[in-house]
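Take a look at the structure set out below.
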Protein chains: 2
Amino acid sequence: MTAPSDTRHKLLDAAERLMAEQGIAATSLRQIIAEAGVNLAAVHYHFGSKEEMLDALVIRKAGPVNEIRLALLTRFEAEAAPNPAPVEKVLEAFLAPPFLERERSPLFVQVMGRLYAEGLMPSIVAKHFQPTVSRFYAALQAALPHVPAEEMVWRVHFMIGAMAHTMWGPPGQESAPVVVRRIVQFLGAGFRAEVSE
Amino acid sequence: MTAPSDTRHKLLDAAERLMAEQGIAATSLRQIIAEAGVNLAAVHYHFGSKEEMLDALVIRKAGPVNEIRLALLTRFEAEAAPNPAPVEKVLEAFLAPPFLERERSPLFVQVMGRLYAEGLMPSIVAKHFQPTVSRFYAALQAALPHVPAEEMVWRVHFMIGAMAHTMWGPPGQESAPVVVRRIVQFLGAGFRAEVSE
DNA sequence: GTCTATACTGAGATAGAC
DNA sequence: GTCTATCTCAGTATAGAC
């Protein structure tokens with residue numbers, strides 16, 4: 001009994017490497033199958049389309065990252081109990097895992113950045129990240145009861161933009177913890193801002 | 001003496017309309033030339049490629065937006081003299097013009113958002129926006145002397161991310177001034193954050 | 001069930017006639 | 001300056017070998 005689909009993994013590995021390097025739109029299926037040493041139609045057989053292969057690529061590693069996020073959040077909430085976790089801790093739980101993953105497995109996170117940069121992320125978030133997003137929403141609301149819900153939507157939106165932009169192409173080379181400290185400090189102050197007018 | 005290149009303008013108008021509606025990658029040259037009523041080869045004659053046509057599209061309207069930004073900044077600096085303009089005013093000068101332009105001429109700013117979203121913006125910024133960016137850097141440094149230069153680079157990066165993400169797809173329908181107030185408040189607090197550690 | 005060979009359609013780019 | 005015709009390469013789809 002051999003691996004039921006070695007081809008499948010070879011395709012995902014090759015796609016990850018090439019797409020991280022060149023971008024998603026710029027990477028053709030023919031490049032990917034050449035790198036993987038398989039036939040073009042295998043893509044269609046295993047995934048159905050280039051887009052569905054991307055979904056599989058994301059699911060393969062986004063799942064673990066989101067689990068770490070939730071575990072961290074749970075821990076920080078326990079540490080702060082009976083108070084809600086402070087906003088900086090909530091942000092750290094959300095931001096640290098992907099930035100650390102970026103160091104451990106740069107290829108995948110580059111692909112994620114490409115997904116944002118090429119406008120493909122919203123549908124993937126909706127498909128695979130929604131539960132995580134909801135949980136963090138609640139934690140932010142608990143940490144900042146003075147921020148109205150409709151303002152919170154915008155602040156989360158700003159956070160996602162800053163995170164995505166930085167994940168894709170940070171302005172310098174610094175270790176993940178330093179980057180996380182910078183972005184948590186910046187966004188934490190933003191989230192805490194008084195809501196005026 | 002007729003217009004030296006009516007075709008050129010017809011192409012840009014058609015491209016702007018179609019790309020704003022459908023996205024950039026999703027809009028084919030063949031759609032554009034059909035809409036403009038010209039021949040396919042005219043695109044390559046006038047612009048060289050689809051990408052260079054995009055550049056021309058951006059240049060056509062980015063210039064005015066950047067001029068308004070600089071004029072606003074100059075005015076706010078004069079109002080605050082002899083002190084430097086406060087960071088919220090600097091941010092307003094940078095952010096308000098594109099968001100207002102978004103309302104006046106949604107097509108163009110949607111195209112700009114698409115450029116960010118599809119990862120084409122960095123090269124365009126480098127080509128056409130660099131002088132504006134430099135001027136605002138100086139204003140931010142003046143407003144926030146306690147923020148070290150290397151931290152400022154990151155904070156500007158976060159700001160660009162939040163702005164781009166919001167320009168492309170805001171989480172709700174609100175008038176430009178309201179959106180600008182929200183984002184200025186959020187980012188202003190972030191920029192003012194103490195630099196610790 | 002898995003995979004290969006091959007064909008189809010539509011994209012952007014280009015050469016050369018006018 | 002503009003247009004016709006053509007080229008290359010993309011993603012997708014099908015037929016059929018194993």
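Every chain is numbered from 1 and lettered A, B, ... according to where its sequence line falls, protein lines coming before strand lines.
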Is A:His44 close enough to D:dA13 that one of its side-chain N or O atoms is under 4.0 Å from OP1 or OP2 there?
yes
Given C:dC3, is OP1 or OP2 found less than 4.0 Å from the side-chain N or O atoms of A:His46?
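It does, given that an N or O in the side chain of A:His46 lies less than 4.0 Å from OP1 or OP2 of C:dC3.
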Take the C1' atoms of the five end pairs on each side of the helix from C:dG1-D:dC18 to C:dC18-D:dG1, derive the two axes, and give their angle rounded to 10 degrees.
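Terminal axis comparison yields 10°.
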Which nucleotide in the set [options] lies at the smallest distance from any side-chain heavy atom of [X]?
X       : options               : answer
A:Val38 : C:dT4, D:dT14, C:dA13 : C:dT4
A:Tyr45 : D:dT12, C:dT2, C:dT14 : C:dT2
A:Lys50 : D:dG11, D:dT2, C:dA13 : D:dG11
A:Ser49 : C:dG12, D:dT12, C:dC3 : D:dT12
A:Arg30 : C:dT4, C:dG12, D:dA10 : D:dA10
B:Asn39 : D:dT4, D:dA13, C:dA13 : D:dT4

Measure the distance from [atom1] on [X] to [atom2] on [N] and round it to the nearest whole Å.
X       : N      : atom1 : atom2 : answer
B:Leu29 : D:dT8  : CG    : P     : 19 Å
B:Ile24 : C:dA11 : CD1   : C1'   : 16 Å
A:Leu11 : D:dG11 : CG    : C1'   : 15 Å
B:Lys10 : D:dT2  : NZ    : C1'   : 12 Å
B:Ile33 : D:dC3  : CD1   : P     : 9 Å
A:Glu52 : D:dT12 : CD    : C1'   : 12 Å
B:Phe47 : D:dG1  : CZ    : P     : 13 Å
B:Leu40 : C:dA15 : CG    : P     : 14 Å

Among side-chain atoms of B:Glu88 and B:Gln185, is any donor-acceptor pair under 3.5 angstrom?
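The answer is no; no qualifying pair exists.
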Check against side chain to side chain contact (heavy atoms under 4.5 Å, CB included), A:Phe94 and A:Leu73:
CA-CA 8 Å; A:Phe94 189 75; A:Leu73 180 57; over 6 Å; no
Would you say the rings of B:His165 and A:His165 are close, in the sense that their centroids are separated by under 6.0 Å?
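Ring-ring flag for A:His165/B:His165: false, centres at least 6.0 Å apart.
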Is there any side chain to side chain donor-acceptor pair (under 3.5 Å) pair reaching into residues 133-148 of chain A, and which pairs are they, with sequence neighbours excluded?
A:Thr74-A:Arg135, A:Glu77-A:Arg135
What does B:Ala41 touch in the nucleic acid at a heavy-atom separation under 4.0 angstrom: a base, only the sugar-phosphate, or nothing?
base
Could you go through residues 32-42 of chain B and list every donor-acceptor pair under 3.5 Å that involves a side-chain atom there, pairing it with any protein atom two or more places apart or in another chain?
from    : atom 1 : to      : atom 2 : distance (Å)
B:Glu35 : OE1    : B:Arg17 : NH2    : 3.2
B:Glu35 : OE2    : B:Arg17 : NE     : 3.0
B:Glu35 : OE2    : B:Arg17 : NH2    : 2.8
B:Asn39 : OD1    : B:Ala41 : N      : 2.8

Could you tell me whether A:Glu79 and A:Lys89 make a salt bridge, using a distance below 4.0 angstrom between a side-chain N and a carboxylate O?
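Looking at A:Lys89 together with A:Glu79, the answer is no, because their closest N to O distance does not fall below 4.0 Å.
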Electrostatic pair A:Arg60-A:Asp13, nearest N-O below 4.0 angstrom:
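A:Asp13 and A:Arg60: salt-bridged.
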What is the ring orientation for B:Phe186 with A:Phe158, classed by angle as parallel under 30°, tilted 30 to 60°, or perpendicular over 60°?
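Answer is tilted, since the angle falls between 30° and 60°.
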Return whichever of A:Gly48 or A:Gln31 has its heavy-atom-nearest nucleotide of DNA chain D closer to the 5' end.
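It is A:Gln31, whose closest nucleotide lies nearer the 5' terminus.
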